[in-house]
2 protein chains.
Amino acid sequence: MTASDSLDAPAGIAGQLSRGDVPLMRRASLREQVRQAVEELIVFGKLAPGEHLAEESIAELLGVSRQPVREALQSLSVAGFVDLRAGRGAFVHEPTAREAREVFHVRALLESDSCRLAAQNVDDDGVRRLEDIYAEGHAASQRGEDPRRLLELNRAFHRAITEIGANRVSLALLADLERRAGWYLATIIANRAPSSWAEHRAILDAVAAHDTDLAGNLMLNHIDHSRDLLEFTGQ
Amino acid sequence: MTASDSLDAPAGIAGQLSRGDVPLMRRASLREQVRQAVEELIVFGKLAPGEHLAEESIAELLGVSRQPVREALQSLSVAGFVDLRAGRGAFVHEPTAREAREVFHVRALLESDSCRLAAQNVDDDGVRRLEDIYAEGHAASQRGEDPRRLLELNRAFHRAITEIGANRVSLALLADLERRAGWYLATIIANRAPSSWAEHRAILDAVAAHDTDLAGNLMLNHIDHSRDLLEFTGQ
DNA sequence: GTCATCCATACTGCATACAGTATGGAGCGA
DNA sequence: TCGCTCCATACTGTATGCAGTATGGATGAC
């Protein structure tokens, strides 16, 4: 312990470490784990649109009781992955082309706004963070890593932009919209990745240069391209 | 029964009435009723920000078991009315000025977009519907009816615009955002109402005239005015 | 007096139990 | 053969039970 330590803070563990420095692996609640598990099953096609998700069967599949399953299904309903029919239970949502268009439209609105804000607010630290994610994502897409990983990196880039934009309400809404968009795109994300990261590069540069309008417009076009690809593949 | 009836459809009740013509008062699920009840208690200040919402006490208050209460609280958490702390349960959310700004910002984005779409899509039927709501709302605000009613009519107008704009994803997101904004504004909605309906009038005219840009901009300003009022009153 | 520790309390999170209802097919009549 | 009725089945919606844990005050050490 140095002299400054004893002056700045009380002695002991609390003086050297701060809250969260040593994260325990306290696992998330069962309902959250169930939510993630079922969402993955849906996103990666293990559960087909229209399929009936009986609470009991999912509970048995995951080795838990109906209760956390029930709560997870209600959460997934809000996020647009399942539909709850009164008295019938949960069914995997059947996305329509129109709905996909709408999701991308709203996402484009919110993200291009966030991107404008990001271009205004970004500092050196933010630029560095974006560069790191870009480097990793660009490399992963060129190596052709598995779709799950590519999807994750794609989300990381978009989320970082939104976080720098610093509108938490928007961030929360986009979290859901991105997961839905990811579902619609899941099967084609691998093909999309290369050109996608080229666009990410341009967005990053505009944000770093504080070019508000350019950043917003590039993000708008970027998301439009995703949507166009969706329509082109007829999904 | 006329001749055409027997040709167009089978005889009997099914031939004369169609699905939904005779709505039974099958009440919503308990969790939905609980959600509405607790949300009202929060919005109208009966439950103060920061207050701990113990499942048992709410269950007792409403005469139901903990189960539907629990599910209602999780739903309210998604909507931003309560915070769930792991292992502690639900607490009435404590909105910050920043958060209120963000909600209004996002709402302005989505609603002005919806309003542009509405100006594109609106037909005579839609204009009539807006006129009806406007007439009722304008009258109610001049008579100075109770805040609950004014809030409801305000929402009806905005929802009608969004429905005519016909982006269901946006509609769903705005439903939550409007309820949150309504909470922030609850105490001052009565004062706001008169000028608010004057602005609604202008928006309606722009939509009816299919003036896309004007409609979008008016809605943007309209929501900015709400937000400004919020900041002016220091809430 | 101050600080760490211990413990009673209250409440959550999950599991289980029970009652009510939507559904599809068997059975029956026309 | 066609259509209606009735019923067995399965599953949801709600209630209750139980184990684990966060918390704040009491207690004791320094």
Side-chain angles (χ1 to χ4, degrees), chain A residues 6 9-17 19-20 23-38 47 50-78 82-93, chain B residues 6 9-15 17 19-20 22-38 47 50-78 82-93:
Chain A
S6 57
I13 280 185
Q16 303 161 41
L17 300 171
R19 186 184 181 88
L24 286 184
M25 276 312 259
R26 76 202 299 168
R27 69 191 190 295
S29 64
L30 282 186
R31 73 163 176 275
E32 178 54 23
Q33 294 183 66
V34 171
R35 196 193 62 69
Q36 288 182 19
V38 174
L47 294 172
E51 197 161 329
H52 183 196
L53 305 176
E55 296 171 1
E56 182 71 44
S57 61
I58 298 202
E60 206 165 343
L61 177 70
L62 301 177
V64 298
S65 76
R66 277 179 53 209
Q67 191 54 37
V69 171
R70 196 178 157 71
E71 294 174 0
L73 289 175
Q74 286 174 19
S75 170
L76 286 172
S77 161
V78 175
V82 310
D83 300 319
L84 294 180
R85 300 189 219 163
R88 298 291 327 281
F91 297 77
V92 179
H93 180 63
Chain B
S6 57
I13 279 186
L17 299 171
R19 187 184 180 86
V22 185
L24 287 183
M25 277 309 261
R26 76 200 301 167
R27 69 190 189 295
S29 65
L30 282 186
R31 73 161 176 275
E32 178 54 25
Q33 295 183 66
V34 170
R35 197 194 60 70
Q36 288 182 20
V38 174
L47 293 172
E51 198 162 328
H52 184 196
L53 304 176
E55 296 172 0
E56 182 70 45
S57 61
I58 299 203
E60 206 167 341
L61 177 70
L62 301 176
V64 299
S65 76
R66 279 178 51 208
Q67 191 53 37
V69 171
R70 195 178 157 72
E71 294 175 1
L73 290 175
Q74 286 174 20
S75 170
L76 286 171
S77 160
V78 175
V82 310
D83 301 318
L84 295 180
R85 299 191 221 162
R88 299 292 326 279
F91 297 76
V92 178
H93 180 65

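Lettering follows sequence order; numbering is per chain, from 1.
Across the protein-nucleic acid pair, R66(A) atom CZ and dC11(D) atom P stand 10 Å apart, rounded to whole Å. Taking atom CD of E56(B) as the reference point, atom C1' of dT16(D) lies 10 Å away to the nearest angstrom. We find that CZ of R35(B) is positioned 16 Å from P of dG13(D), with the value rounded to whole Å. The separation between R70(A) atom CZ and dT16(C) atom C1' is 14 Å, rounded to whole Å. Atom pair L53(B):CG and dG13(C):P shows a separation of 13 Å (rounding to whole Å applied). Here the C1' atom of nucleotide dA15(D) and the CZ atom of R31(B) are 15 Å apart, to the nearest Å. The distance from atom CZ of F91(A) to atom P of dC11(D) is 11 Å, rounded to the nearest whole Å. Counting to the nearest Å, the P atom of dT12(C) and the CG atom of D83(B) are 15 Å from each other.
Distance check: L53(A) CG to L61(A) CG gives 10.5 Å after rounding to the nearest 0.5 Å. Here L84(A) contributes atom CG and L76(A) contributes atom CG; the two are 9.0 Å apart, rounded to the nearest 0.5 Å.
In this structure, the nucleotide among dT12(D), dC14(C), dG13(C) sitting nearest to the side chain of E55(B) is dG13(C). For L30(B), whose side chain is taken as the heavy atoms from C-beta onward, the closest listed nucleotide among dG13(D), dC11(C), dT14(D) is dT14(D). Closest to the side chain of V64(A), from the set dT14(D), dA15(C), dC14(C), is dA15(C).
With sequence neighbours excluded, the residues satisfying salt bridge (charged side-chain N to carboxylate O under 4.0 Å, His left out) with R35(B) are E32(B), E39(B).
Here L84(B) lies out of heavy-atom contact (under 4.0 Å) with every strand.
Phosphate contact (OP1/OP2 of dT12(D), side-chain N/O of H52(A), threshold under 4.0 Å): present.
Comparing G87(A) and Q74(B) by the nucleotide of DNA chain C whose heavy atom lies nearest to each, the residue mapping closer to the 5' end is Q74(B). With the nearest nucleotide of DNA chain C identified for both Q67(A) and R88(A), Q67(A) has the one nearer the 5' end.
Open room surrounds CD on E60(A); 12 or fewer heavy atoms of other groups in view lie less than 6.0 Å from it.
Remark: the Q74(B) side chain and the E71(A) side chain contain an N/O donor-acceptor pair separated by less than 3.5 Å.
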